[in-house]
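Both ligands and their constituent atoms are indexed starting at 1 by order of listing. Just the heavy atoms: all of them, side chains too, but no hydrogens, waters or symmetry mates, feed the values below.
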Amino acid sequence: MELNEYSKFTEEELYKHIGRLKEEKNAVILVHNYQMLEVQKIADHLGDSLGLSRKAAETDASIILFCGVKFMAETAKILSPSKTVLLPDPTAGCGLANFATADEVRSFRKKHPDYKIVTYVNSSAEVKAESDICCTSSNAVEVVKSLGNAKILFLPDKNLGHYVRKVTGADITLWEGYCYVHNFITIDDVKKAREMYPGAKLIVHPECPPPVVDAADEVGSTSFMYRYARDHEEELIIGTEIGLIERINYEFPNKKVYPLTQQAICRTMKYTTLEKTAWALEEEKWKVEISPDIRERAYNSIKKMIEIG
Ligand code: SF4
C-alpha cells in the first residue's frame, strides 16, 4: 500500500488497523510526550525518550515503532540492537541534536584531553559514541556530581548545562546549542501567564533560558512535570512543548494545567501522523540502523549513566 491510501481510512479505522498490525508483527509502540494527541492514543508506552527505550528493551517485541524524532529511535536501537526499530517519518530530526557533530566533539577532545564530555541524550548516536557519559534532564545533576572535580564539557544544550552548573557549582564549559522550542520561551511569557493564572505554580523545563528557569517555582523533566500534575491538585502553568500539556489535560480533565505559552511547538515532533505510523508498521519502513562500533561506544556512554541510578 502507498502512504496516500491511508488517508481514506477514518481515525477509528486507523486505530484498529494499527492495533491489528501490532499484534501480527509483535510490535511495541513508543510515543514521546510531545507527539500529537491522536498519536499518543496508540501508545503502549508514553513518556520521555530514555524511559521509553528502556521499557522497550525489557519487552520481547520483535519491532519497536518509535513515534518521536530520530535520536530517540537511535537510543531505542542502541538499547535493543537485535530488535527492528522503525521511525514513522525518517525526516523527523531534532534541532538541538543537530548542534553537535561527532567531528566537532573529537576536535574538542583533541584540544582538551583533560575534559570529561557529558552529553545530553538529545544527541546523535555518533556524538554519544564520542562522549564519556550521557545524561537526561532528570539525572544531569547527579551525573555531573559523579564526576567530582573534573573539568566538564556539557553538550549540546547550553541552557540545561547552565542550570546544572548553577546547581552543582561544577567547572562546566557550555556548548552553543539549544532547543528552539524552549529557548524562545521568554520572561515576558512568564509575566503574562502569572497575570492570567495568579496562584498557579510554574514548572519549567531546564532547556528554557536561565531567566525563565530562575523565575519558576519548580524545574524538571517532562516525566517530573507529568508526575507532579498527576499527584497534586494545585493549578499549574507548565513551560515545555504543548504536547505534554495536552496529554495531562486529556488524562486528568478535572485538573487545571495551562501551557506557559501556546507557541512552544516542536515542528518535527508533529511530523508523525497515524497514517505514517500505519504505513511504517505495515511496510516495515524507515528502519534505524547504527554501525556496531558506534552502537557499542554509544551504549557504553548510556550504560555509565544508568549505573549512576
Ligand atoms: S522539543 Fe527541542 S529537544 Fe525536543 S525534539 Fe524538538 S527540537 Fe529536539
Side-chain angles (χ1 to χ4, degrees), residues 30-37 39-40 43 46-53 66-78 85 87-101 118-128 131 134-140 154-164 174-186 189 203-210 212-213 219-226 238-248 259-273 276-277 286 288:
L30 309 181
V31 181
H32 189 269
N33 285 319
Y34 295 163
Q35 290 286 299
M36 292 187 289
L37 199 53
V39 177
Q40 294 185 16
L46 181 57
D48 63 46
S49 66
L50 184 74
L52 290 172
S53 296
F66 207 128
C67 299
V69 296
K70 190 172 171 211
F71 80 81
M72 300 177 176
E74 283 184 347
T75 304
K77 184 72 181 173
I78 292 166
V85 177
L87 182 66
D89 187 321
T91 67
C94 164
L96 171 57
N98 291 345
F99 271 105
T101 66
V118 177
T119 297
Y120 187 28
V121 287
N122 298 26
S123 54
S124 68
E126 288 83 358
V127 166
K128 288 183 179 77
S131 310
C134 284
C135 72
T136 64
S137 51
S138 304
N139 64 22
F154 191 96
L155 65 99
D157 191 89
K158 64 177 179 180
N159 292 331
L160 176 60
H162 183 278
Y163 172 71
V164 175
L174 302 176
W175 194 266
E176 257 311 305
Y178 56 83
C179 160
Y180 71 92
V181 179
H182 292 91
N183 195 52
F184 295 126
I185 296 178
T186 65
D189 293 324
I203 311 182
V204 306
H205 197 280
E207 286 172 22
C208 292
V212 173
V213 169
V219 181
S221 65
T222 54
S223 299
F224 171 82
M225 291 167 168
Y226 175 81
I238 294 194
T240 192
E241 213 274 350
I242 57 161
L244 178 74
I245 297 101
E246 287 170 354
R247 174 187 175 185
I248 293 169
L260 175 50
T261 162
Q262 291 280 5
Q263 308 307 317
I265 300 172
C266 177
R267 286 189 297 274
T268 49
M269 277 283 180
K270 314 302 184 198
Y271 284 2
T272 311
T273 60
K276 287 182 195 171
T277 304
W286 317 129
V288 175

> Between the side chains of T119 and S131, is a donor N or O closer than 3.5 angstrom to an acceptor N or O?
Replying inline: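 The criterion, which ignores hydrogens and geometry beyond distance, is satisfied for S131 and T119.
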> Between the side chains of N183 and N159, is a donor N or O closer than 3.5 angstrom to an acceptor N or O?
Replying inline: yes
> Taking atom 8 (Fe) of ligand 1 as the center, what protein N, O or S atoms are found at less than 2.8 Å?
Replying inline: C94 SG
> Who passes ring pair (Phe, Tyr, Trp, His ring centres under 6.0 Å) against F71, sequence neighbours left out?
Replying inline: none
> To which protein heavy atom is atom 4 (Fe) of ligand 1 closest, and what is the distance rounded to 0.1 Å?
Replying inline: Y34 CE1, 4.0 Å
> T222: what forms a side chain to side chain donor-acceptor pair (under 3.5 Å) with it, not counting sequence neighbours?
Replying inline: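 Expected list: N33.
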>> H182: which residues meet the side chain to side chain donor-acceptor pair (under 3.5 Å) condition with it, sequence neighbours left out?
In response: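 Checked H182 against side chain to side chain donor-acceptor pair (under 3.5 Å); matches are E207, T240.
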> Do M72 and M269 come within less than 4.5 Å of each other through their side chains, counting heavy atoms only?
Replying inline: yes
